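All remarks here apply to the structure that follows.
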Number of protein chains: 2
Amino acid sequence: MTSAASPAADDSRFGRDRKVSLMGPLPLDCGAELSPVELAYESYGTLNADASNAVLVCHALTGDQYVASEHPVTGKPGWWARLVGPGKPVDTDHFCVICVNVIGSCMGSSGPATINPATDAPWGMDFPVITIADMVRAQALLLDHLGIEKLAAVVGGSMGGMQALSWPVLFPDRVQASLVIASAARHSAQNIAFHEVGRQAIMADPRWRGGAYYADGDAPASGLAVARMAAHITYLSEAGLTEKFGRRLQDRDAKSFGFDADFQVESYLRHQGISFVDRFDANSYLYITRAMDYFDLADQGDGSLAQALGRAKARFCLISFDTDWLYPTAESRRIVHALNAAGAEASFVELSSPFGHDAFLLENPEMDRVVSGFLGNGGEV
Amino acid sequence: MTSAASPAADDSRFGRDRKVSLMGPLPLDCGAELSPVELAYESYGTLNADASNAVLVCHALTGDQYVASEHPVTGKPGWWARLVGPGKPVDTDHFCVICVNVIGSCMGSSGPATINPATDAPWGMDFPVITIADMVRAQALLLDHLGIEKLAAVVGGSMGGMQALSWPVLFPDRVQASLVIASAARHSAQNIAFHEVGRQAIMADPRWRGGAYYADGDAPASGLAVARMAAHITYLSEAGLTEKFGRRLQDRDAKSFGFDADFQVESYLRHQGISFVDRFDANSYLYITRAMDYFDLADQGDGSLAQALGRAKARFCLISFDTDWLYPTAESRRIVHALNAAGAEASFVELSSPFGHDAFLLENPEMDRVVSGFLGNGGEV
């Protein structure tokens, strides 16, 4: 770890569209080592003199480092621009916020689409299978590079929450506060089952070709779109779908008696599938879903979640949503019980929302209050 | 309708592996007419002299007429052999039980794989899009052929329940009792969404070829397997999956750090997908899911479910399962409220089971008692 040093205002390590190639090597849970470790990231706000105001935001399965910046492919605002920025709940006037593309992903960090130094060609399925802990260790490498010894906080929703939860367990002395939103300490059988459907859909696409589709760019878009459609259903609640679409027909007065998208919900899902393939790599989808399925934080404590969490020295805050059936409140409560058993400082709130798992990405003033309340005391600024 | 006549014991219209081609024509909801109407069916027990002891059992999406007979492809016992037979809750010592393969399906009744008389080739996607009501009207044609004017009861689970619910609305004078298990009066947005994922998975398989795969028999097995996997998750409860599989690994002491089926639940799902394609036609899957998505019984009552059900003269019994999230108890309750509003005789019971929607196919002594209690008074034998 490099020692913390006050970065100059023009420090090229900070800012938008940053990318660094670190030699590591990064030892992975599978036994392999990754070197170099390419890391693409964004930072917002200014690191203070003693580098004590850094907040790491961790992204979800199909998220990226553009937490509060326009997405370079879709042109859409950052996925948490509502939450991260000047005067916002994660206040970049006070914090230096960093968001790193996870390894295994496809927005610039090492993953199946990046170059395998051994072959000078894209890794494809030769990329090592990675875990949530590997993603976290790669982020720690980046913090070393940035001169950040200790995080004021780590924040994440969904898979980002798995990283936020893992950080204080893997690096007890490097995190002061962990904010875990709509997440889980392990993947359930049903979670794994949905991911497996998505993987099989991708692998069933003849254009997948064992992952070796980068040379001609003819990617398994159909399989990836189906995977995204299946996953998308799990992000929404039954009640939310009913409220949003019900049985309403799409641009038609009556049923077509055909196989076009008659219902609005069909049209919506098809759009979700088709637009996803423009911005995401199918192999990355395989690798990241695998990492999530492998995730069981109790593995860090000889099978005991409380023992794993007992290593942490951070304060914790957990938020769940009442209609989230992907990572339901019961799972957050299980984590809180383990934190209590471990003697950790933990607060927990279940928020009400009709939007299911997706609620963590949507406008929710109550969530904003909880986030700013929790971080407000933890920034040491 | 032909008049009821006592069938001789050797009446070839009754028995196993029956098939008939009726000229109809059968007017369909889409506006087309089907002629001939091929119907494959099984019967169990003996029709009495006044043909008053007939019970029609309606099968689910991927079910078939082999309700209490060995399946000709898989060699497995009938899907409701537990419930239908001599001395069983649907007692073939008392009732003449008939089960017909629905039109649109692939076990002998008219569907995309049967011959289009206009071309002398398989229909493929030229087969007209059918509805649950069309399936019911085709069954009524068969009853005419069998000399059965009135059913002692119609019984069905899941999609079979949709038919059982529709029968007394479409043919008020032909049904005395309707038993609807684990079913719904309409498909919700979430139900439609899951089906749409399955259809997109099939259509994304290049071997689907617009449904014209019968000539070389190279069917879209990969797409159909993915569709089945996605659907299968909805048949099981989260708790049931956790109990059955949890995060247990498959034939391994540790994670493989690869993409084989590491977890038992992955292996199970893959098996469900692969074994399904041996017995089911992908185009039939498209047509039947479409029929289910189109189903909203309120359409028969100008948008009012109570008005639709008001036409019925039958007694009703509804059974739901507490862990069924595909067709949850709330939906059965909604039907019962509409039946009450319509002044119909209706009983309702929610049974407890850890097995989700699949519970209706599994051993459940309480369900047996409800079924035999309800039918015991309705057989007029």
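Here the structure is a predicted model, which means the values were calculated and not measured. Quick note on labels: first sequence line is chain A, next is B, and so on, each numbered from 1.
In this structure, the side chain of A:Asn283 engages the main chain of A:Gly211 through a donor-acceptor pair within 3.5 Å. Remark: side-chain polar atoms of A:Gln264 are not paired, donor with acceptor, to backbone N or O of A:Gln250 under 3.5 angstrom. No side-chain donor-acceptor contact under 3.5 Å links B:Ser320 to the backbone of B:Ala182. Under the 3.5 Å distance criterion, the side-chain polar atoms of B:Ser110 are left unmatched by any main-chain donor or acceptor of B:Ile103.
When side chains are defined from C-beta on, A:His232 counts as touching A:Leu269, because their heavy atoms get closer than 4.5 Å.
Using modelled atom types, one finds a donor on one side chain and an acceptor on the other under 3.5 Å when comparing A:Asp134 with A:Thr131. Counting only N and O atoms by type, the side chains of B:Tyr294 and B:Asp299 include no donor and acceptor under 3.5 Å apart. Using a 3.5 Å distance cut-off with no hydrogens or angles, the side chains of B:Ser158 and B:His357 do pair a donor with an acceptor.
No other option in B:Leu236, B:Thr242, B:Asp296, B:Leu28 has as many heavy-atom pairs under 4.5 Å with chain A as B:Asp296. In terms of heavy-atom pairs under 4.5 angstrom with chain B, the leader among A:Asp293, A:Ile233, A:Val265 is A:Ile233. The candidate from A:Gly246, A:Ala291, A:Gly198 with the greatest count of non-hydrogen atom pairs under 4.5 Å with chain B is A:Gly246. Chain A forms the most heavy-atom pairs under 4.5 Å with one residue out of B:Gln190, B:Gln200, B:Glu238, B:Arg247, and that residue is B:Arg247. Comparing A:Ala32, A:Ala230, A:Gly223, A:Gly31 by how many heavy-atom pairs each has under 4.5 Å with chain B, the most go to A:Ala230. Most heavy-atom pairs under 4.5 Å with chain A, from the set B:Gly258, B:Pro206, B:Gly273: that is B:Gly258.
Between A:Tyr287 and B:Phe259, the gap from one ring centroid to the other is short of 6.0 Å.
Ring pair B:Phe280/B:Phe276 is parallel by interplanar angle, where below 30° counts as parallel and above 60° as perpendicular.
Only the side chain of B:Arg270 has a heavy atom closer than 4.5 Å to any heavy atom of chain A. Using a 4.5 Å cut-off between heavy atoms, A:Val129 touches chain B through backbone and side chain atoms alike. For A:Leu286, the parts sitting under 4.5 Å from any heavy atom of chain B are the backbone and the side chain alike. For chain A, no part of B:Asn191 is nearby; none of its heavy atoms comes within less than 4.5 Å. The contact between B:His187 and chain A is made by backbone and side chain atoms together, counting heavy-atom distances below 4.5 Å. Neither the backbone nor the side chain of A:Tyr268 comes within less than 4.5 Å of any heavy atom in chain B.
At a heavy-atom separation below 4.5 angstrom, chain B is approached by A:Trp325 within residues 322-330 of chain A.
In summary, of the residues considered (A:Asp281, A:Asp205, A:Asp218), a side chain to side chain donor-acceptor pair (under 3.5 Å) with A:Tyr213 occurs for A:Asp281 alone.
Residues A:Arg290 and B:Glu266 are paired through a salt bridge, judged by an N-O separation under 4.0 Å between the basic side chain and the carboxylate.
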